[in-house]
Structure formats: structure tokens, C-alpha cells
Amino acid sequence: MIKRLLAALSPVVRPELTGNAESPEVDNTAYSPDSRVDLITGANDNTTITDKVCSIVEQKPTIGWWGFFLLAFSVLGLLGIFVPFLIFWGVGTWGVNNPVGWGYAIVNFVFWVGIGHAGTLISAILFLFRQKWRTSINRAAEAMTIFAVICAGMFPGIHVGRAWFAYWMFPLPNQMELWPNFRSPLIWDVFAVGTYFTVSLLFWYMGMIPDLATLRDRAKHSVRKIAYGALSLGWTGSNRQWHVYERSYLLLAALATPLVLSVHSVVSFDFAVSQVPGWHTTIFPPYFVAGAIFSGFAMVLTLLVPARQLFGLKDVITLKHLENMNKIIMLTGLLVGYAYSQEFFMAWYGGVKVEKFAFINRAFGQYAWAYWIMVSCNVLAPQIFWFKKMRTNIWVMFAVSIFVNIGMWFERFVITVTSLANDYTSSAWDYYSPKLADVMIMLGAFGLFFTLFALFCRFLPFIAMSEVRGVLADQAHSRAAASARHSSEAAADSASGS
Amino acid sequence: MSAEMNSSVEVVTITAETATDVKPVLMLAEFETADLLMEAATRIRDEGFKLWDCHTPYPVHGLDSAMGIRPTLLPWIVLCGGFTGFCGGLLMQGWMNAVDYPFLISGKPFFSIPASIPVAFELTILLSAFGSFGGMLALNGFPRFYRPHFRSDRFRRATADRFFISIEGRDRQFDIGANSKLLRELGANAVEVIEE
Amino acid sequence: MSSIKETQKNSSQGKALWRSLDEFADTDEFRALVEKEFPNHAPELFHSTSRRHFLKVMGASVALAGGLAGCRWPQQQILPHTSRPEGRDPGAPVSYASCWEQQEVAEGVLVTSYDGRPIRVDGNGDHPSHRGSTTAQMQASVLGMYDPGRSSQPSHVTADGHASAEWLGAISALRKAGRSGKVAVLAAPSSSMALSAMRNRLLREVADSSWHEWAPLHRDSERLGTAQLFGRPMRPVADLSAAQVLVCLDADPLMNHPASLQHSSDWAALRTSADDDEPILSRVWSVESTLSVTGGVADVRIPARTADIPRIAAQLAAATGVQLPADVAAAVASAPPSTDDRIEQMAADLKSHQGSCLLMAGDRQPAEVHALVHAMNVALGAVGKTLSYAEVAHGERPAHIDDLQRLADRIGQGEVETLLLIGVNPVYDAPAIGKSWKDLIGQVPLSMHLGLYDDETAGVCQWHLNQTHFLEEWGDGRSWDGTVTLRQPLIAPLYSGRSALEVISAVVDDEAKSGHDIVRGVLQPLAPKDFESSWKKWLHDGFVAGTANTVASAPDVTGGWGPALESAMQTVSGKEIVFLPDHSLFDGRYANNGWLQELPDPITKVAWDNCALISPVLGSELGVKNGDLIDLSVAGANLSMPAFLLPGQNRDSIGVALGYGRLISDRAAGRLSRKPSLYQIADGVGFDTYTLRDADAVRAGYASVSVSRGEGNYPLATTQDHNPVRPEDFMGDLEFNEEQRKIGEFVRVVDTGFNPDASEVKAQVEEAGPHHPDLESPWTEHKYRGQRWAMSIDLNVCTGCSSCVVACQSENNIAVVGKDELAYGREMHWIRIDRYFRGDDVENPEVVHQPLTCNQCENAPCEQVCPVAATVHNEEGLNDMVYNRCIGTRYCSNNCPYKVRRFNYFNNTKNPSATEQMGYNPDVTVRARGVMEKCTYCVQRINRSKIKAHNEKRDLVDGDVMPACAQSCPTHAITFGDLADPKSQVSLTQKSHRAYKMLAELNVKPRTSFLAKLRNPAPREEG
Amino acid sequence: MSRTPIFPPWVDSLVKLLGAGAGVTGLYLVLMVNFGASPKTLNAGYMPEQPVPYSHALHVGELGLDCRYCHTTVERTGFAAVPPTETCMNCHEKIAPNSVKLRPVRDSFRSGMPVPWIKVHDLPDHVYFNHSAHVTRGVSCVECHGRVDQMVEVEQVSPLSMGWCLNCHRDPAAYLRPVDKVTDLDWGLERTHDEKALAGRELMKGLGLLDALDQPTVRMSLMTNCSTCHR
């Protein structure tokens, strides 16, 4: 059983397990000036694409899926154990102390919010830039966004000392006639993350409506019929619907773009607006946004590389797609590295004692180990993508994506903990170290994330079919045009020849 | 339900079982490719049909102009949403922190624009998004779970790999014979009439 | 060791401030930390038992029903008096005068009581030998009374195991013993006239009875020394406010002295006088082996072995022109040249301040040293100026250790039928006399123990009788100057205990008298005219005016030098161990008091433990660092305890605090109600150092010890330097880090002479601060129209005694969290006294204390970040903390540059015993779990005074409001008041040329100012 | 070819109906929570049964006892102390000396055990209310306790919620009266709110809450500070 499970999870395609036809790896990353490379490889047309994507949902779940789901779900169980324990005993079950009032909870919060940035970025910004290659990955990326934000949203709720009063952060009328303090970055957070979740959800769902209609029209089982029927709201693919839909989608994309930038800026305000040396930095908003995109793309890779194998989607999510993402990872990695160096420059240039100390202490102090893990994972690891061979190698990119995930977690750890542990009053300095509850709840969040993702793969269209069809159409056109050009040239040659 | 042959051109008629005194409500014509559909649509538009539509598995470029659809007013709805969000956000913060229960916080003013921007901004986005999504639902009349189209089995493929033109029975120029003939000429590989 | 030299070299120019040795010397601590990923905390899920222990022990939980609008909370009842006593208003605090006794000296106290529940102990300002301040122990005594770990009933252990016991049985047993005679009493020495009267009655009326006294920490040598010199014992009453030059030979007059409160405020007078128009700054010399509180504030400190101090004293005597017997003089002359070239300097200082100087000797020093010291005082004309003498009550009694010998002999010869132990614990704290006291007591046919706790001694006695706490009993005592001070009960005995007076009365009287009658009877003669009226007045004042028994004229020196003088000078070389009174637990009697256990030591900042204080040099010789176990062996007795590398410790001397490693059981409760005895918090805390202290050590004040590195490590909980960062490891020399850490800006110290120049001081204080542009806010800041509460703390007179910490704890219902949580950095004290070392010499650094509490910043950074506005400013500039609004994001604490906010990580106030709830201050909310808290400038006191004033249709005047810390401070280092009133004391102090604000460059506008420390070091010629 | 649609036509009308229903329910719930859960509804009107059926209506209303005859400490301390048993016995040794209702009082007086009155006005422990601070400033008993002189059994009339307290702390004008009238529960009740407010402003000047120009003083602004009630 275990062996089969591993086999199923292994990237080697096992049609009888994946239930998908063999889809060969095609290198479509070569750049040829005259003809545009195909984003969708293989002999694919509307029919095959539709069958491919729908079959993931319509066929029995593979053992691979079951293995993944059960594993994730059992890890999610940790939350069920440790969160009630935390609420019952108090925040002291965590490692936080004076002066380090924020520990893993906030680290995880920022980490997950960061992860949650790639999806909307891919859907919205790449959409506005008319990047066709987004269409194969945006659905999965958006789903990931939603789930990551769910994980993130959990932490502020449980990290407060009296979770049962957390609702006081919302401006609700009450007998105390008290309102929240809108000068506090935490309130900005509530609004930013709340808005981000809502908008991402709308965006995701709206994008799915046509594909849900496809599933509806292919559904055999009555439960599926009703479910997908209800979800697709009665979509008929009428062009008048498409017209309004397209415009609405465009507007949402236009709205989501500034939103996505604002959210992590606001999250960075939690630190930047305070006066803790190491937090009180104007570079934080862009720095955080870059980091968020960085980690987000890494997580998308981590999810898609195995997924395209398991579901036999190599010809839809092609090397080209992966390579593009790797390029972005490399770019944002450099941005993040630049931010790291800038912090030191500003500390030196600003000449504020405690500021200087904060950063020197970060790199060489008691948390140096964390700092260097961060640097090596975030700045060094992605550099390997300078080489095309590496950029297009499945195993390398998967490894790098894991490194980046780790590195970005540590970035948040370094920022949050080292700054607090040694701030102004040296007599109050202390060392923060996590307790079991910290670690378990962190793992539990990952469980939650992967469980949700597994369910998504199982029940919702993994690829934005309707959009891919559009891409196919364009490909067909350009291919036709190209062949026409060739034939006319050939004719001209023969004419001149005679 | 009955499927009988029309004399001139082959038309499949689909009728609801329950319905008494049935009359045609919809004519569906299936096309193989988007290009055929495009030409057909242009022609149908020129013929002066009003209550008709095209059904495609993905948004086909140029079809809007081919069909002569006028721009939607959705953007205005979104604008209203955004405006409400921004003003509402500023007013809420000002009233709560400076008017209803002013706190003396860090010696800062009770209300100041910079501190209020983040929340106001987020609310702008939020309400615009609601406007956009809600507007889309409203303008498309969603949710609407029953449509006559769903009586046609062929029409399943409208969301997969086929292209359809539908003409409503209420259209002034609706005429089973003439229309089906026209559509055939335009390259429809099948024409169906839905009655109920 | 090498690295110490090196750092000295590096930071030779200018004086560097540092927090702990871990930063200073190059231990491996830091590198270990860097390498280890998560040091010293194996991830643990369940917080330690001892903490939960504490949840049970400390505090009452109050449901903060803030959010639960609507739900009807549990029904409460109102139980009014059936007839209300005269002038008793429910819910209004009333204060009564009483007295507290330690080391046979009474301190007048003022006890505040709510509805008959005493909740605070303050100093009695009217008392002649007192300045209204309090020590930590005095204030903690309230908790001591409510301590559920106290023994709650008599218990009688018969041959056939345990049996219940009632007071009736005990009384008859006592009377029976009294009738049959051969009663020996071993009692704690007391200044009580009533007790000595009862003692005389017992000796008179009970056949073959004897009375013995024992206290592990006593002042025998002072008594005997003065007796040697003057022919009869005397008690030196010092007036430090006149002593411009003060020399302390192993003495700690500011902390471990019965008159420490008086000394402290007098000493402070000669430090604050540096701000006067003709500024005068005293100079304090301290010669001692272990850094004491006085040594910490000394201007010149000479770390010498305790064993060497007699010789130093003799050398000093010779240098100051005291006529010494020939042999001694010869010995001095022949003695090796003094360890420190500063003896001559000291002598010179003394001679140049004839009549305005004073020498004091510590009670560890032999009688001969005291004789020398007083001879010098006479020679230098101190007597009558800085020093007067008082009679000692029955001073003819033998030294305590000899008294023990007498008792042991009597027991040995079978002359004791009944042994009555009153308030003593020899099994724990007395050295074996031939046999251990367990065996000696076992020899006695009938042994009865009267004490607050069912302790070690009670465990070996047949009878244990539960004694009354001093707040529960009638009594009297004499203060240091002899003033008769009254003790009245604030509450009926919680556990129906009886006082020592009543128990002795039960022995000698057929009808046991009440303490009230006994005391009245004894004091009757003191009344000038009709007794009742004066008795009323005495009770009200708390003392009998004009009863100080000062010696009128300066006593004449009979010149009787102790024969031991010369031998005292022949000191053995090698390592010595010195037994110190613990700064919190004293001799161990307060071991079960949570407040005192959790109170960090003023010097080491270690709480919940005692450790072996060794010199850093010895440390590196042995290769140990803080917490490593070392093996001590004294005359066959061995003890392994954690080392603490204390800068300033003499390298051949090891200091160990007494009073830990207690074993308090709860037999009675355990037997009778099967209650798990979880209230004996003292059990197993620290190390019992009495096991090393044999009779000779008690006599000599020290013992020679052999020390070696032990096995393993023992975690110590400190409130400072939890995990030292040592940037110098990668950032070069100490000064650089100094600059990084800004310590030099936090605590500003100026070295001056006897007459500091104000402008010079001002310049230096400003120079120490950071240079930053003028601070402006981008918005127009709030104008405060009303009172502007503010505080200023004078570092110049802060001795670090930590009285304010306990004052705050008792006033504000601050929870005790226990050792483990403390080690985790979750202490709850609202006041943190930061201790910094200053100077390059690890073996003899200077000490600076900085009490740090909420600065009530006008632009408070904590407020802006709170999402629910649980901490906001009020119109008087107070940074209000609203517990019931707090949801516990801890953001405020993160954003506080002073890190003075405290968070309830667990429910620290859960399942309190009924008695503990009685001890809470009803004016302050008891905080629940998940809530932030911090210093409020005692806003409850501000409000009470304001309401009172407005009820009386008047405005507040300066001094109406006094926070607990300021009220308790023995040196009055803390002044509090209204800045809007230009004449208020705080306005003046904040305008002082020494005043500065901490981290002012952040533009947080703190309301608390600090006054720079002035030091008056003896100029040292380089060489 | 034909197929049967997933949803028959009537589903759409049903959906519209459900949508409308959901909207109405939501509104209803909001209103329920708003009014149902407010302290006004939950706390006001609390009237526990007391061990002794002491009637304020009789003693205060008819016999005209002054509040302070029993609640002696109200002007001095934070608590308006419930009187000791002997206060009752002052009269009841003579009057109705063996009434059954009064047995608990007599028992208490004999045994010295207190009469276990049930607390009616019970503030949360984190709220520090001081009677003397209000009574000596001219806030009448009636403002919070209502017409106790008409109550046979004491009942909580006000919500005693934070919002309710703030209502007066923000603008006490209409709730003030001359200090000597504080215990006349029926004094000046006939006046309209505006009349009260008008008179109140003068009193506020006397109390130093308003300055000569009717501008609120510091003392006024202090009344809404957190530490005024929470410590």
C-alpha cells in the first residue's frame, strides 16, 4: 500500500493511477523570432482540453490524491488539538515573553499573507499585461491564495490574549459605546486582509463560472448536476453574458492590482509604524510586497510541479509556464536581496545607534543562524536560475521553491523576533524560543492549507478551461497565418525561379 | 416531446412534455468553428434580428462588434461603489474617533487624513468589487437556473467545443422555416427549435 | 581571565557601563547561544508545575465581565454589621499604628485596613526613630499573615503517631509543665518589655527554669565590643546625616541593619545636599568581601576578605591615632603592608573630617573590631556629633552561641523536663553543639514549639502550637534608640493562634492572661498621669514619647582591649566562606512569602534561589560560569550549590546567603483534612547553607572553605541579563557596545568631589545625553490644562533596596508567577530596578541602580498601536491602562521603548485561598489572563485623594497624592506630584541641574525624569 | 436531441422568494440582537426577593424617612452602606415588635449574624463607582435608582451600562440639582428635560465643570477619562 502510495505521489506518470492519458514533457521554452512558441503543446483542441481538465474532477480520486489528502488532513488535526488548548490555558503556552511579545503566530500570519499574494497577482496583474501564459496556472494560484489567506486570517484571531473579545477590533455598535482605534495598524490589517480575502474570493469564483457550467453540462450524477448547476448560476455562454462578464472581470482585475500591493504594505505597517529598531523602516512596504510575490510564486511552483505530473497536465502547464515563474522568482529574489542590503545601508547612513545595533545584531547576534538561513534561501538559492538548464529542470525548480518557502518564513521570523529581543532598553533583553504549541500550530496551518488545496483539485476545475480555449484559438490563428506566409513565400520563390 | 421533420429544411423540434398549447420559444443553430459563427452573426445582425444571441465556450474576439452589442454600464456601477466606500470610510473613522468618542491617543490629533487612508482605501476597493460582481449578476440576470436552451442535448457542447446562435421566439422576424433556412446557408450543421 | 585583561585594555579610556559579567568577561555563554538554535528551553507544552503551584497560591480571579453585556452575573449578597462600630465606614480605609520587630529592634508601622482586613504596611512617620518609609520585608508581612501555608492549628505528636490537638490541651500541658518545673525556654531575642517581664516571672516562679535566646543573625559582637571598650554594653545610634565621611568595615548600615530605614534617609540627606547652595556630598568608604547594598553606593569600595578586616581596622586605628596596646601596635607595625594603598587615604579622610566622620563595623566582625571602631570614633570626635549611644536591655546576657551551649549542657545533664521553643527554629538554623538539635530536642521529655509555621523544629517537637502573626497580636517593643513602641492587633487571629506572651502566661498563670492585659500591665508604670488617656494616645501614636534610653554623656574609654585582638589580626590565608543575611528572606523566616521569594536580589537580580557568590577571577580559575555547581566543603560539611560570578567579590572570599532550602510541612492540615500541602512554597527552594555554618563559623563570622568545580548546572532565574548578547565578540571593544546600548545615556553618573559644582555637573549630565535636533511633532500636540502628574527618580540616592518593588506589588495586587515563569522572562513587577556595573575593574566595579517603571509618556507609543483603545491618555497626562478593554495583542508592549508593560500570559490569579483574597487591595482591579498591565502612578490613590478633596470643596495640594513606591522609599528617591504647580516638589526636582529624561530623543515626552548620580571617589594617584 | 433541464422553471421564482426571505430574516436578527441583548432589556427590571420584605414605599414614601437616615455613609464614602441591624431596631423595638416579617431582623440583632440582603445594583468588579463623588455634586439618588420611594421591593430601573453612564458623564446638566435636594426623590421631576438642562448648566459652573463662558473645563473632560471609573 505504502509503496503504491509513494509510487502514486512520485512524479513519474502512472496513467492507471492518475487516470489521465500520458502527456509527454515538451520543451517549448526555445525562443524563435518568426513564430510564437506554443503555450499549449501537443495535439490539443477545445475538446481534448475540456476532457483532460474535467476528467480530473469526474474520475474516481486516485490513490495519489487520497494519500496526499489524508496526510494533510491528519496534520490539520494538530490545530484541533492545540488551538483549544491555547484558548483554554492562555498565550503562555507559546514561547512569547517580555520583551518578545510576538512570536510564531505573527510570523505565520505574515508568511501566509505573503503566500496569498501570488494568486491575485497572476490573475490580475498578468491579466492586465495580457500575459497569455497566466491562463494555465491562474486558477490553481487563485485557489492557493484563498487558502493561504484563510490560514493567515486564523492567526490574528488566536494570537490575542482574550480571543473571545477579538471581535472588538470590528466597528460594531455596543453597550460600551466604544469604537476601535483607527490609528492602529492592526485595525488597518483587519480591513486590508478582510477586503483582500473577499475580493480574491469573488475574483476566483467569477473566473470559475463558465468552467462550472462546463462541468454542469457534462455531469452525470444528479448531485453533481445540482451542485454545479447552482454554482454556475445558469450560464449559457451567451455572448451578451460574456460581454458583461469580461468587463466585470477586467474591472475586478484592475481593482485587485492596487489591492494586492496595498495589503502587504499595510501588513508591513504593523512593523514600520512602530518605533522598534529594525521595524521602524520606510523601505518595508515595497520590500514586503516583493517578498510576498517571491514567496507566493515559490508556493505556486511547489504545488504545480507535482500537480501537473499527477494530473497529466504537462502539455497545459508547460515548461514555458514554469520557466516564466522561475524568472519572476529570480527577479523578486534579487529585489528582496536588495532590500536586505538597503536596511544595512540605511542603518549605517542614518547613524542612529540603536538602529545600527539592531541590524548588526540581526546578522551576527544571537539569532544570526536564522538570519543566514534566510539569506542563503532567499538570495543565494534563486541565483541558480540564471542558467536556463536549471530554470527548466523540474527537480531543481522544485527544490528551489522549497528553499524559498523556508527562507521567507525565516525572513518574517528574523524581522519579528530579533528586533524585539534586543531593542532600546538592554536590561530588558531576552531570548525567545518557541514551545511545542508554537511548532504544532504552525504545522497545523500547513495541514489546513494542503487539505483545502486537495479538496479544490478534487471538486473544482483545476485549469481555467474557457481561457485556455481562447489561447488555443489564438495559437491556431497564428499557426494558420504563419503557414500562409510560408506558402506565399514558397510561391514567390518558385515564381522567381522560373 | 416530439421530433418531426419540417418539409423544407431539416429542423429538430423539441417540446416540453408538460406543456399544453405549445409554441416555439427558441431556435438553436450549431456551428463547428468560431469563424463560421462570426460570419453568421454578422449576417443575422444585418438581417435586423433583435432578440438573438451567440453561445461560445470562450469569449470570441470581435463577436461583440459582429453582433453589434453596445458597451455595458457596469463601470458606472463600480465607480459609485468605490466612491461610497471612500467617503463612507473617511466619515466612519472621523465620526467614531473624533466625534462620538474621542480618545487622546499618543498626543495625536483625533482625526487626521493620513492615518485614515488605509481603511478608506480598502473600503473603496471592497465596495467597488461588490459593485463589479453584483453588477455582473444583475446585468446578466443571474442567478437564473432555468433556460430553454437547457432542453437541447446538443447545447451541452456550447460550454465545451461548439458554437451556437439562438433566436428567441419573441423576435419579430422569428419564422421557423425562413430562419432555419438562413442558418443552414450560413453553415449551421444542425438547427433545433425549442417549444413549450 | 586573559580576556578580562584584554577588555580592560580595550576600554581603558573612559568608564564603560555594563550589565553583567556575561557581557564583560569572555565566557562561552554567547558563542553557545549563537550556535544553539533554541537554547535552554526544550520545547515544553505544559508549563511547569511550580507555576501552576502558583496559580493556586496567589490571588483571586475577578471575571472581567466587560464584553459579556447582558448576561446576569452570579448573585451577590450584602452582609451589613448588626451594629456598626464607632466611626467605621464600610469600604473606607483606616490606618492603625503598630510595630514590627526584627533583630530585637522594633519599627513603628502604620497599617491600612479595609473593613477590618489589613492590606498594607507603611512606616509610621510620627515615630521619632523613623522617617515613614518601609523595608520590603515589613510590607510583605501582610502577605505573610494571609499566607495559607501558615500552620493553622496546634498539633500533638504522641508516641502512637499523630493525634488531633486543641489549644485547650496545649494550655493544660503548658500549665502542667509550669507547675512541675525544670522548664527551659529557647526564645528569639526580643526588645519587648512585656516579654522580658514574663521572662522574669517565669524564671522566678517556675522551679529550675532557664531562659535561653537564639537568633542565627544577631548583633552580639557589637554588644561585646562596646562592653570591652566602655566597660558596659552600648548601642551605637548613628546619625549619618552629619557623617561627611562614612567608613563601613564590613557593615551594611543601609540594608542589613535594624536601623537601616533611619540610616538610609539620613545618608540620603548628605547626598541630596549636593544640590544646595553650598553643596556638600558625603563620601562613603566600604571595606567588605561581598558587594552589599551599602558597598554598592559607596564612593570608594575596598574588596577585602572578611578575615582581613580586623587587621585593616587595626592599621586604620594606628593611622588615626588610637592608643593601641604595645603588642597590637607591634603586630600592626610588623604586619605586611596593607593590601590596598587606600587605607592611608581613608585615614587621611577621617582625620581631615574630625567630628563629621563616622566608622561602623558589621555584625560579622569580632567584638575586637567593634572595640577598635568605637575607639576610633571617640578619637575622631564622632561621639556626640555623628554618633550617640543608647543603653542595651539586659545586655549582660551571654552571646547567643554560648547561650545555646548552656542549653545544650542543661539538656545533656537532664536538667530540662520541658523545652519550650518560642519563635525559634534551631533544627534549621542553629549549629550543632556536640549533637544536632534534632537529637538534643529528642532528649527532652517534653518539647513544645510555638511558631508561625509547622517547620523543621516543629517536626521534631511533640507539640507544635500555632503562633499569632504580629498583625494579630498585642505586644510592644523598643526601637533602635529605645523608644517604646506599641503593637496592636489589626484582625482577630486568623487561625486562633496565640502570642508568645499568652503562651508564657499559660505556663505561669492558672488562668492564662490575654496579651492585651499583659501589655497594659507592663506599660502601666510608663504613664505619667491617668493611664487610660495616655494608653489611648499611645495606641493612636504607636509609641510612647520620650522613652528613648540614650546615654546622656559620651562614655569614657576604659581601654579594655579584648585579648583576642592580636589573634584576630593573625589571619589564616586561603579561601573563606562568609554567611550573609538574605536580602529578601533575612535568616529564612520569610521563606514562605511569595513576594519576597520573587523579589530579585538588589545586587545579583537572582530570585527564588541563593547561590555561591564568587569572584569572576575565581570563576575563571575554576572554569565555571553562572549557574554551574561548585562543591563547598567546610570542616567536613559539604554542599554543592550554583556559582554566581559577582563582580566586586573578593577573589579569596565566597559569599552565601542564608535562609533557603527550607522544609515547611503542613502536618496538621495534612493529617486532619488530607489537604494537599501546596502552600508551602518555600519547600525545596534554594540551598540550605546553614549546614556549612558550624559554631566556630558563627563565632568568627567566616570559615575557611575548600572549593572545587562541581558536577552539572543549575538554572538560576534572574530578572536582568536573561540571555546576554555579547556584540563585543564580533564588534570589537566594549565601548562600542556601550554606545550601541545607550546605557551611558540611561544612567548618567558624574564623578565630583566633596563640593560638586552645579554648572559643571549640569554640563556633564547633558554631555552624556544623545545629540539630536530639536524635537517637533508634525501635528499640534495636545495641551494639558489640569494637573500634570509627574515623577522624578533620584539615582543619586537609590540604593536598590527594592522596597518600592514590594510596595507596588502589595498596593496593586501584582501576581507572583514563580521561578519558571520568571526565568522565561514573564515577571509581573511593575517596577524593574535595573542594576548596571560601571568601570573597568571587574574585581571592584561601581554599581548604579535605575528603578524603571511606566514613564507615562505624553506621546505614548503604546497607545497608538492598540487596536481597541485599551490604553489611552487622560486629561492629566496619565497613560490609562483599561484592563477590561484589553484583548491582549501585546502590541503596546512591543512598542514600548522602556519595556515596562507586563502581560498575564496565564491566569496568575486563580483559585486563591480565602485568606489571600482578604489581602487584596480592593481599590485595584485584579487582572485576569490575557490582559496587559503596567504602572499607573497609583491612579487609584490619585482618584481617592481627588474625590476626598472635592468632597471637602478644596483643591489638591502638593503631597496629597503619594504613590506606594514613593511612600515606601527609605531614601525618598522618588518624588511625585503635579507639574502644573510650579512650587510642587516634583516641579523643582525636574528643574534640577541633574535632571534628564530617558530616551527623550524619541519625542515620547516621558513624565518621569531621572536625576543623575553623583559620586565622590577618592582621587587615586596613577601607578 | 433533447434532455430534461436540471432545474424546472419554477425554481427561479422559488430562488427569488428565498432571497427575499433571507433578507428579512437577517434584518430581524440584527434588530433582535440590538434590542434583545442590550442591558436595558436584560438588566433593568431586576427585582430579587429580599430576606425581609422591607418597603421603601412605606418608610420613605409614606413615613418620609430621609435616605441618609439608613444609608449614612453615602456622603462620605464610595459605598452607600446598607444600615446595620441596630438601625432597624431603633424603631422596631417599639414598632411591630413581634411582626413575623421582621423575625429575620430580630434574629440578626440577637444572634449578631447579619441579614443577608441581596445586592440589586451590582456593577462589574472593574468599575469603581463612588457614591460620595456623585451625591455631594448634586446627582440625586433618583437619577440612577429611580423612584425608590415608590418601590415596595427595590428594583433596578436603569441599565447601569457603560453607555448609560457615559450619557450623563458627557453632559450631566440635566441630571444635576441643588445638593440639598439630592434626597428629595420627587423634587423637580415636573420640569422638562430642557428646563433641567438649563438649570443644570448653572450648577455645573458652580461645580467648576463649566467656566464663565460656558466652556467645559478640565474637570469636565476628566469625567469621560477611562481611569475615572476603571483602575
Side-chain angles (χ1 to χ4, degrees), chain C residues 62-66 68-84 88-92 784-787 812 869-876 878-885 922-928 936 938-940 942-944 946-948 950-953 955, chain D residues 36-39 41-43 46 48 51 72-73 75-79 81-87 89 108-120 122 124-128 130 132-133 135-137 159 161-163 207-208 217-222 224-231:
Chain C
V62 165
L64 297 188
L68 311 168
C71 319
R72 187 85 213 170
W73 40 90
Q75 192 177 65
Q76 291 189 15
Q77 287 185 329
I78 305 176
L79 303 172
H81 294 88
T82 46
S83 76
R84 186 181 303 152
R88 164 77 75 80
D89 291 344
Y784 292 94
R785 298 180 293 166
Q787 267 108 355
N812 293 302
T871 178
V872 302
H873 244 61
N874 78 358
E875 274 299 323
E876 299 177 335
L878 289 185
N879 171 228
D880 290 345
M881 181 68 225
V882 193
Y883 311 120
N884 43 303
R885 176 67 174 171
D923 279 351
V924 179
T925 310
V926 175
R927 281 79 59 189
T936 62
C938 283
V939 67
Q940 68 277 10
I942 296 176
N943 280 316
R944 194 197 300 138
K946 237 175 10 196
I947 291 170
K948 189 164 172 294
H950 294 172
N951 286 358
E952 297 161 3
K953 303 274 179 286
D955 285 333
Chain D
S38 84
T41 323
L42 290 174
N43 300 350
Y46 175 62
T72 49
T73 66
E75 285 168 317
R76 292 198 304 276
T77 72
F79 295 87
V82 168
T85 319
E86 71 183 346
T87 311
M89 295 308 281
S108 151
F109 196 56
R110 226 176 287 109
S111 67
M113 294 306 290
V115 182
W117 301 100
I118 310 287
K119 199 163 190 193
V120 179
D122 188 4
D125 294 356
H126 55 261
V127 180
Y128 288 85
N130 187 309
S132 69
V135 172
T136 56
R137 314 280 195 285
S161 70
M162 178 168 166
L207 293 169
T217 62
V218 190
R219 202 175 277 188
M220 176 80 178
S221 54
L222 275 169
T224 48
N225 283 159
C226 304
S227 56
T228 309
C229 309
H230 304 297
R231 294 157 202 169

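If you're wondering where the values come from, they're calculated on a predicted model, not measured in any experiment. Residue numbers start from 1 in every chain, and the chains themselves are labelled A, B, ... in the order their sequence lines are given, proteins ahead of strands.
- No other option in His873(C), Glu876(C), Gln940(C), Met881(C) has as many heavy-atom pairs under 4.5 Å with chain D as Glu876(C).
- Between chain C and the options Ser132(D), Pro48(D), Cys229(D), Ser108(D), heavy-atom pairs under 4.5 Å are most frequent for Ser132(D).
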Q: Could you walk me through whether Asn874(C) and Cys226(D) pass side chain to side chain contact (heavy atoms under 4.5 Å, CB included), step by step?
A: CA-CA 7 Å; Asn874(C) 78 358; Cys226(D) 304; over 6 Å; no
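- The ring-ring contact (aromatic ring centres under 6.0 Å, His included) check on His230(D) picks up His126(D), with sequence neighbours excluded.
- No side-chain heavy atom of Leu79(C) sits less than 4.5 Å from a side-chain heavy atom of Trp117(D).
- We find the CZ-CD1 distance between Phe79(D) and Ile78(C) to be 9.5 Å, quoted to the nearest 0.5 Å.
- The residue from Thr224(D), Thr217(D), Leu222(D) that alone fulfils the side chain to side chain contact (heavy atoms under 4.5 Å, CB included) condition with Glu875(C) is Leu222(D).
- With a 4.5 Å cut-off on non-hydrogen atoms, Gln787(C) does not touch chain D at all.
- Contact annotation for Met162(D): neither backbone nor side-chain heavy atoms come within less than 4.5 Å of a heavy atom of chain C.
- In terms of heavy-atom pairs under 4.5 angstrom with chain D, the leader among Asp923(C), Val882(C), Asn812(C) is Asp923(C).
- Of the N and O atoms on the side chains of Asp89(C) and Thr73(D), not one donor lies less than 3.5 Å from an acceptor on the other residue.
- Note that CG of Asn225(D) and CG of Asp880(C) are 6.0 Å apart. Values are rounded to the nearest 0.5 Å.
- In this structure, Val115(D) and Pro80(C) approach most closely via the heavy-atom pair O-CD, 3.5 Å.
- Heavy atoms closer than 4.5 Å to chain D are found nowhere in Asn879(C), neither backbone nor side chain.
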(Q) Applying side chain to side chain contact (heavy atoms under 4.5 Å, CB included) to Asn943(C) and Arg231(D), what does each step give before you reach the verdict? (A) CA-CA 9 Å; Asn943(C) 280 316; Arg231(D) 294 157 202 169; 3.2 Å; yes
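- The distance from the NZ atom of Lys948(C) to the OG1 atom of Thr77(D) is 13.5 Å, given to the nearest 0.5 Å.
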Q: May I have the step-by-step check of side chain to side chain donor-acceptor pair (under 3.5 Å) for Asn951(C) and Arg137(D), ending in yes or no?
A: CA-CA 8 Å; Asn951(C) 286 358; Arg137(D) 314 280 195 285; 2.9 Å; yes
